[in-house]
Amino acid sequence: MIVDIINKKRKKEELTTRELETLFQGYQEGKVKDYQMSAFLMAICCQGMSEEETLDLTDIFLNSGKKLDLSDLKMKTVDKHSTGGVGDKTTLILGPIVASCHIPMVKMSGRGLGYTGGTIDKLESIPGFKIELTEKEIKAQAKAVGLIVTSQSEELVPLDKKVYALRDVTATTESIPLIASSIMSKKIASGADKIIIDIKIGTGALIKTEEEAEELSDLMIKIGEKYGSEVKTCFSNMDHPLGRTIGNKLEVIEAMAVLQNKEKGELRDHCLNLAAELIAMAKEESLEQAKKEAEEALTSGKAYQKFEEWIKAQHGDLTKLKITSKQYAIKATTSGTLTNIDGNALAKIALQLGAGRTTKGEKIDYNAGIALAKTIGSTVKENDILALLYTNKDISQLNLQNVFEIE
Ligand code: URA
């Protein structure tokens, strides 16, 4: 009985492969209802899962759809995943860097989860961008462009897509076994040989502590080993947003500025470091040499050219990428040094502006978001603009003063 399995997990008992299949495959087939799966996911969040259960769940996700076989490309493909952060537009920058170094990247991405943005939503904010590609289209684009970002279609890990959407709106995002199986099933299904996982830690991330990050890292490496993929993990801070913007169109525009060498700083450095790790793994060369190649691809403009080629291949029209919502300035009420920007609080505000979803399937306002005008460490004078808010919603009730710490 479904309810007995939910109850077993609620009591922190280990589930058999069969029991996990009953719940998750049943959910895929519609036999297990949203409310039952919500309760089950909450039990997993509160009581955890063993390594064995997590490996089983990854397998169930993986077998819910097809796997991509990229062996006819006769090249090692790479993939990157971030565990989710605020303002994290790394894929939009790293993908073109790596692909312009002749390493094919085939990536399946998700939509926004909780208060963290999703690459698919960001890409969909580009007018015309096609996010669902068939296997044939993926292979053709891998050969022609060397870079693809596609959503989890009905063919590839469809069960994760369904569960992910439910987790987003039931406060069940922050679970290490659920994150590990969700991410790794997509990575394995997209056929990558070498995978880098960027584990975000901090107030604006799904993972809050270094211990949790270690646990997630170990699990992901073990899952990779089981399926013959090389997995590397890196940890990065997410106490404050990555880069200057939060919100879909705003983040695409910022990523373009980095690729056009108009922006320096943490976001650029982070993308170069991750790109170098992937290049080193794929070409089996030193990290030092890979760093040089990544830097050259970016500064020479090769990476930006690859970005344009990729967006065009997926039917996106960058000439139509414009912010059309109203704009409001948030000003400093005191003078001093900007010592912190609360990423988590900003993400929640971005959600209220319309940049994310609060219910399953809700429509996003791609124009909505926040553009920071100051970085941590800046000197701020009273009345200086700290951020611009983009929204068509009423913002009279929003209070941003605690988001910025000025001392
Ligand atoms: N990204 C995913 O794909 N799944 C998660 O569970 C969290 C982040």
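Both counts, for ligands and for their atoms, begin at 1 and track the order of listing.
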Show the atoms of ligand 1 that are less than 4.0 angstrom away from any heavy atom in His81. 1 (N), 2 (C), 3 (O)
Sub-3.5 Å N/O-N/O distance, Lys186 and ligand 1: yes
Say you draw a straight line from CG of Leu274 to SG of Cys234; how long is it, rounded to the nearest 0.5 Å? 4.5 Å
Part of Thr83 with heavy atoms under 4.0 Å of ligand 1, whether side chain, backbone, both or neither: backbone
Could you tell me which atoms of ligand 1, counted from 1 in the order shown, lie closer than 4.0 angstrom to a heavy atom of Arg167? 5 (C), 6 (O)
Show your reasoning for whether side-chain contact (heavy atoms from CB on, under 4.5 Å) applies to His240 and Ile376. CA-CA 9 Å; His240 54 269; Ile376 292 176; 3.7 Å; yes
Just by distance, with hydrogens left out, do Ser286 and Gln289 show a side-chain donor and acceptor under 3.5 Å apart? no
Centroid-to-centroid, Tyr390 to Tyr328, below 6.0 Å? no
